[in-house]
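See structure below.
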Amino acid sequence: MTNRGRNPLLVVYMGALLAFLYLPIAILIVLSFNDSKLAMVWRGFSLRWYEELMHDGDMLTSIRNTLVIALIATLISVVFGTLLAFGLERHTRSAALENGVYLPLMIPDVVTGIGLLSFFTAITFPLGTGSVIIAHSVWGIAFAAAIVRTRLRGFDRAVEEASLDLGMREVPTFLRITLPIIWPGIVAAALVVFTLSIDEFIIAYFTAGQTVTFPIQVYSMIRFGVTPEINAVATIMLLFSMVLILTAYLFARPRPGRRSADAEEPTT
Amino acid sequence: MSSQNVISIESAVKRFGDVIALDRVSIEIRENEFFALLGPSGCGKTTLLRAIAGFGVLDSGRILLDGKDLGHSKPYDRPVNMMFQSYALFPHMRVRDNIAYGLKADHLPKNEIEARVDEVLGIADMHALADRRPHELSGGQRQRVALARAIIKRPRVLLLDEPLAALDRKLRQEMQIELKRMQHEIGLTFVVVTHDQEEAMTMADRIAVMRNGRVLQIAPPQELYRRPADRFVASFIGTMNLLEGTTVAGGVTIPGHETVPIDTGGAGLGSPLALGIRPGDVRLLTEGEEIDEASIVLAGIVETTAFIGSQSHTLVRVHETAVAITVTASASTVLVEDGSPCRVALPYTALLALPDPPE
């Protein structure tokens, strides 16, 4: 399998494609350690932009706002999304309801943003952290419902009945049996919603009022030119997101061994 | 109500929309009995089992346990346990914790739980696998864990929903005997739901045959086989040859033959009634052979003969009735070639009067 028909043109093409995908990010990471204000000049390795970041009050405030928003929106989304997933899986066969629930995922963010802005204005809801939390929960709930739903689909309800039959009441049955079995789905949903929330710009921009979230702060900074501090922020973001996504992936993927155990083997 | 009945089901009715799943079902189940609910899918047997466990409320009728009406009590308040068809093992728990679950639900002291789990692990022969998770077990092992989990609380009645359906044929036969042995050993009342008549016949002390939500007959296996209540039971339990007839005074007539003197069980004159006979009771006559017994003798053609070990099954196509008659005989007796003409004799004493089952 080593040199069988390996076309040098294809190798070049593949390299170019990978470069196209990852070079900008690589450059960003390298420049975040550049001891120069000018992006085009390499003056040696330095952590000064990271240090500057730590003393940038506006930036830190925006990060704090974003984390608060993401945490609360995730909590709301996971609780209501899980309930919604149960309802859809067990208490309805309505296709209209089902599609209606997932629609927020398909609506363009700009439309959602404008819609929410008009809505909040109409009911004179104050714009700020609270309104962004609600806005992010709109698609967060849909996402969480979709993810938890996949976990529920393969759920054998007989295990809940077995628990009741063995003397456990409804609430302890939910806590000891149902929740542990769907837990990976809930964790995955939380990680996905959290990751999407912390870098969501468009909807937040429409609904944040005077509150500055982290993506809005970054956007306002680059209007005065890209400073290396932004590279440092972006690098930290990248690392953070990758850890979250990787964790979500590990939780959501099917357990190895489940499948093979279904095969019938003789007892010994 | 006799005190030795553990379960009394009195005129239980359950509807799902327009479908009647249970139609005035009454059954008494005795202490330490191995009782089978047998019938084709959709006959209501699983609905009944689940109603005993507390899943699904009856529309009318009662289920009594030791003389007390279970009413609308919840599954966790009933001293019965169930082994589910899918086994329903808790996938996130080890074998040991699956088995201990029912005792933990009752908040028993830790050392007692451990002692009883150990004991049941022994009965199920699962000591070596106690720390495995369900997905690391084979089908037969999972079945044993499910059984162990269901018996550990020493329920008044153990309910088993198609306990062997998920196993392959060879293992199923082993487990039929194993289940029976275990029931004797632990002294429990077993109620098992199955669609497999062979399984029910092998294991059960008594069998209730169900169809369309009704109980057609409740009897021990031998009696079900020898004296089936109607043609459905007769055909469901083993093979039965059927001849369509009509009731007349003093018996049943089939076209072209004299009246067969047989008890018609109160069927009205002129009503259709089938005559049934087991393949082993039919005699295949050699040419010129006469039979002493009073019998219906039919002429036909041998269609096929199959040899199964020491026995042969011969299928005879009878001319006048266009029905096929299966004859079982010891393989060494008559050898007839396919397509050759022959006669079969159906002794009166072996004939059964079989009405249609109630709709």
Side-chain angles (χ1 to χ4, degrees), chain A residues 82 85-86 89-94 148-189 250-268, chain B residues 50 53-56 74-93 97-108 125-126 128-129 132-144 146 149-150 152-153 155 159 161 166-168 170-171 174-175 178:
Chain A
T82 302
F86 269 97
E89 180 66 27
R90 298 190 175 175
H91 301 290
T92 182
R93 288 199 190 87
S94 157
V148 175
R149 183 81 192 280
T150 58
R151 192 80 199 176
L152 274 180
R153 197 158 289 155
F155 192 101
D156 178 11
R157 294 197 65 183
V159 298
E160 290 173 332
E161 292 182 338
S163 168
L164 294 172
D165 183 68
L166 289 166
M168 208 63 91
R169 290 170 171 271
E170 287 89 351
V171 173
T173 290
F174 180 79
L175 295 177
R176 284 165 177 260
I177 303 298
T178 316
L179 206 53
I181 294 175
I182 63 165
W183 187 243
I186 293 177
V187 172
L250 289 177
F251 264 95
R253 72 171 172 177
R255 297 262 172 84
R258 269 289 147 73
R259 202 129 264 288
S260 65
D262 288 339
E264 215 62 61
E265 349 158 1
T267 42
T268 41
Chain B
R50 291 175 57 85
F55 298 110
K74 296 282 189 180
Y76 43 76
D77 289 326
R78 299 184 178 208
V80 300
N81 286 121
M82 181 153 163
M83 187 182 139
F84 290 80
Q85 183 172 7
S86 62
Y87 305 148
L89 298 180
F90 306 130
H92 55 301
M93 293 183 194
D97 299 318
N98 262 280
I99 294 175
Y101 192 83
L103 300 180
K104 284 181 184 160
D106 286 354
H107 304 289
L108 291 187
D125 194 19
M126 288 295 289
L129 304 169
R132 295 252 187 116
R133 284 177 199 270
H135 66 91
E136 296 167 315
L137 301 177
S138 73
Q141 290 162 346
R142 273 184 263 177
Q143 196 252 13
R144 294 215 297 274
R149 190 179 67 176
I152 196 163
K153 293 185 80 174
L159 308 167
D161 186 5
L167 305 178
D168 60 42
K170 187 172 171 293
L171 194 54
E174 281 172 29
M175 287 308 296
E178 178 72 10

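Below, chains carry the letters A, B, ... as their sequence lines are ordered, and counting in each starts from 1.
For a residue to count as touching a neighbouring chain, one of its non-hydrogen atoms must lie under 4.5 Å from one of that chain's; by this rule A/D165 touches chain B with backbone and side chain alike. Contact of B/L159 with chain A is not made at all, since no heavy-atom distance falls under 4.5 Å. For A/R157, no part lies near chain B; criterion is any non-hydrogen pair under 4.5 Å. In this structure, the portions of A/E170 lying under 4.5 Å from any heavy atom of chain B include both its backbone and its side chain.
With A/F155 as the aromatic partner, A/R90 meets the cation-pi criteria of under 6.0 angstrom to the ring centre and within 45 degrees of the ring axis.
Look at B/E174 and B/K170 and you find a salt bridge, because one of the NZ, NE, NH1 or NH2 atoms lies within 4.0 Å of a carboxylate O, short of that distance. Salt bridge status for B/R50 with A/E161: present, with a side-chain N to carboxylate O gap under 4.0 Å.
Highest contact tally toward chain A, considering only B/R133, B/R149, B/M83, is held by B/R149 [criterion: heavy-atom pairs under 4.5 Å].
To the nearest 0.5 Å, atoms CG (B/L89) and CG (B/D97) are separated by 12.5 Å.
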Q: Evaluate side chain to side chain contact (heavy atoms under 4.5 Å, CB included) for B/L103 paired with B/K153, printing each intermediate quantity in order.
A: CA-CA 7 Å; B/L103 300 180; B/K153 293 185 80 174; 4.2 Å; yes
